[in-house]
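Right, one structure below, let's go through it.
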Amino acid sequence: MVDLKDLRENPEKYRRGAELKGVKVDIDQVLRVDEQHRSAQREFERYRAEQNEASKLIGKIKDASEKQASIARVADLKWKVKDAEERAKAAETLVQPLLLQIPQPPDADVPVGKDAGDNVVLYRWGQPRKFDFAPRSHIELGEALGILDFGAGVKIAGSRSYFLKGAGAELHQAILRLALDLMVYEKGFTQMTVPVLVREVAMKGTGFFPAGREQAYRVGEPDETGEDVRYLTGTAEVGLTAYQMHEENEAPRISEADLPLKYVAVSTCFRREAGTYGKDTAGLYRVHQFDKCEQVVVCRNDVEESKKWHVEMLSYSEEVLKRLNLPFRVIQCCTGDIGVKNASMMDIETWMPSRQNAKDPESGYGETHSASRLYEFQARRLNLRYKGADGKIRYCHTLNNTVVASPRILIPILENYQNADGSVTIPEVLRPYMGGRERIEKGK
RNA sequence: GGAGAGGUGGCAGAGUGGUUGAAUGCGCCGGUUUCGAAAACCGGUCUGCCCGAAAGGGUAGCGGGAGUUCGAAUCUCCCCCUCUCCGCCA
């Protein structure tokens, strides 16, 4: 959520921001409704002040008939108060949903662009492998080795579903564990187990709703209050970021000394992938259910510090890929591709031989990581605030990034580590998590 | 699922219709004292929104919502949550 006060003072900034992101919003409408709300509120407060003053005096009046007269006089105010209050409330309930739709303006260092085609490659690491045989896709490899089963997945769970079997499942767990261990034991993150079935507030608070509502699976039937409805999260970012969520009138429980909060969690992620019909339908690339090791940092309200963490968190993800010796490139996403929530976003794309297009030697990189810098956007919705050393209360900044998501990461692993005979060499760093095995071979 | 108890400030815990944002204690911050510290003593210490350049003022908040009343933490109704006991399940 953007700052309403700032929106009032600098509407142009938000108009421009929405335009850069390609999001249609009516800023003037928000300002109009907000003004209605505030003028009604002022009226309400003026009448209420009068009423409170008069009521206070009534309590002191001893004479019965005089008291009755005063009560009769004040009674009239009661209706004026009620009327103004209702108008204020009505306008306020209109402001909120409008405000939730206004995107965070992209940061100044984000390149202007329409869509993913305008993203900028920042740098690369590793050399794509030159095969001296015709490389197979992870689908061919996995099915031949008996470690991936898409047929059973589709039969049991529908499209974009799969089974990982034997060494496939082992590899999946090994990579998640590698990532988690790096974050916990080397980078000092606090490991969490988070709810993946959450209430609407958590989805709204983290900025996935209302804009991305169609991407989430809804679970349960609404009762009269709607409270029985839950949502399956598409990332542990929801649980990790919302963890310190506060009520609006609550004093902050976080103090500056507690920051930064560094959380990591592995969770199962669920995505409807609405609007992607026909895109990446085969294989492990775009699936409805997967597991992801996610990192979240909640830091001080300081743009420079946010930027520093953004790069730092990105380096942790790179570290995982480097240890796996998988070639990748880092992308600075453009204004049209960073989504409603983000001030900036950088992706890591890992080289996947099967995605390489013979005509384009630059192709073959597929997104495996996404690092977001959100400044106050989520913190405002979640009321994530802290008391500064100076006593002032500020909103935190939040950031998040994939450490590794599997089975998508199995694509580059299987494809890059394949041998001419169809076997797959297990990356050295994963062997300790797989009983010391070195190769995945058919039937073994 | 059945029976009971309860949800008040950072924490503990008073308060059952009239200057109650709310006693008291603890904690925290500042000061006095001390060579320094502890103890003791004194003072301060919630948050949102609105108005204001600021100082400050107004308003709202005692689990949430609705109601009664001139006036509600206190009364009524609905909902949510927590705890204890019993049952059931893992």
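By convention in this document, chain letters (A, B, ...) are assigned in the order of the sequence lines, proteins followed by strands, and residues within each chain are numbered from 1. It should be emphasised that the depicted structure is a prediction, and the values quoted were computed from it without experimental measurement.
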Practice task
Look at the aromatic rings of A:Trp309 and A:Phe189 and report parallel, tilted or perpendicular, splitting at 30° and 60°.
Solution key: perpendicular
Handout entry: Partner nucleotide of B:U69 by Watson-Crick or wobble geometry (both distances under 3.5 Å)
Key = none
Handout entry: Whether A:Gln378 side chain and A:Thr206 backbone form a donor-acceptor pair below 3.5 Å
Key = yes
Practice task
Take the protein atom CD of A:Glu50 and the nucleotide atom C1' of B:G57, then report the distance between them rounded to whole Å.
Solution key: 16 Å
Fill in the blank from the handout: B:C62 -> Watson-Crick or G-U wobble partner, both distances under 3.5 Å, gives none
Practice task
Answer yes or no: does atom CD of A:Glu35 have more than 12 heavy-atom neighbours from other residues, nucleotides or ligands under 6.0 Å?
Solution key: yes
Exercise for the section: With RNA chain B as reference, determine whether A:Glu85 or A:Gly391 sits nearer its 5' end, using the nearest nucleotide of each. Expected result: A:Gly391
Practice task
Please list, by residue number, the residues of residues 93-104 of chain A whose heavy atoms come closer than 4.0 Å to an atom of RNA chain B; answer none if no residue qualifies.
Solution key: none
Handout entry: NZ (A:Lys165) with more than 12 external heavy atoms under 6.0 Å
Key = no
Handout entry: Identified pairing partner of B:A39, criterion: Watson-Crick or G-U wobble below 3.5 Å
Key = none
Practice task
Identify whether NZ of Lys or CZ of Arg in A:Lys341 sits under 6.0 Å from the centre of the six-membered ring of A:Phe208 and within 45° of that ring's axis.
Solution key: yes
Exercise for the section: Indicate, with a heavy-atom threshold strictly under 4.0 Å, whether A:Ile393 touches base, sugar-phosphate, or nothing. Expected result: sugar-phosphate
Exercise for the section: Using both distances under 3.5 Å as the test, list the Watson-Crick or G-U wobble partner of B:G52, or none. Expected result: none
Problem - Residue whose closest nucleotide on RNA chain B lies nearer the 5' end, A:Ala49 versus A:Ile58 - result: A:Ala49
Exercise for the section: Please say whether more than 12 non-hydrogen atoms of neighbouring residues, nucleotides or ligands are located less than 6.0 Å from OH in A:Tyr243. Expected result: no
Pick out the pairs of N or O atoms, protein on one side and nucleotides 8-14 of chain B on the other, that lie under 3.5 Å.
none

Problem - Counterpart base for B:C28, defined by Watson-Crick or G-U wobble contacts under 3.5 Å - result: B:G44
Problem - Any-strand Watson-Crick or G-U partner of B:U34, both distances under 3.5 Å - result: none
Practice task
Have a look at A:Arg8 and say if it touches a base, only the backbone sugar-phosphate, or nothing, with a 4.0 Å heavy-atom cut-off.
Solution key: sugar-phosphate
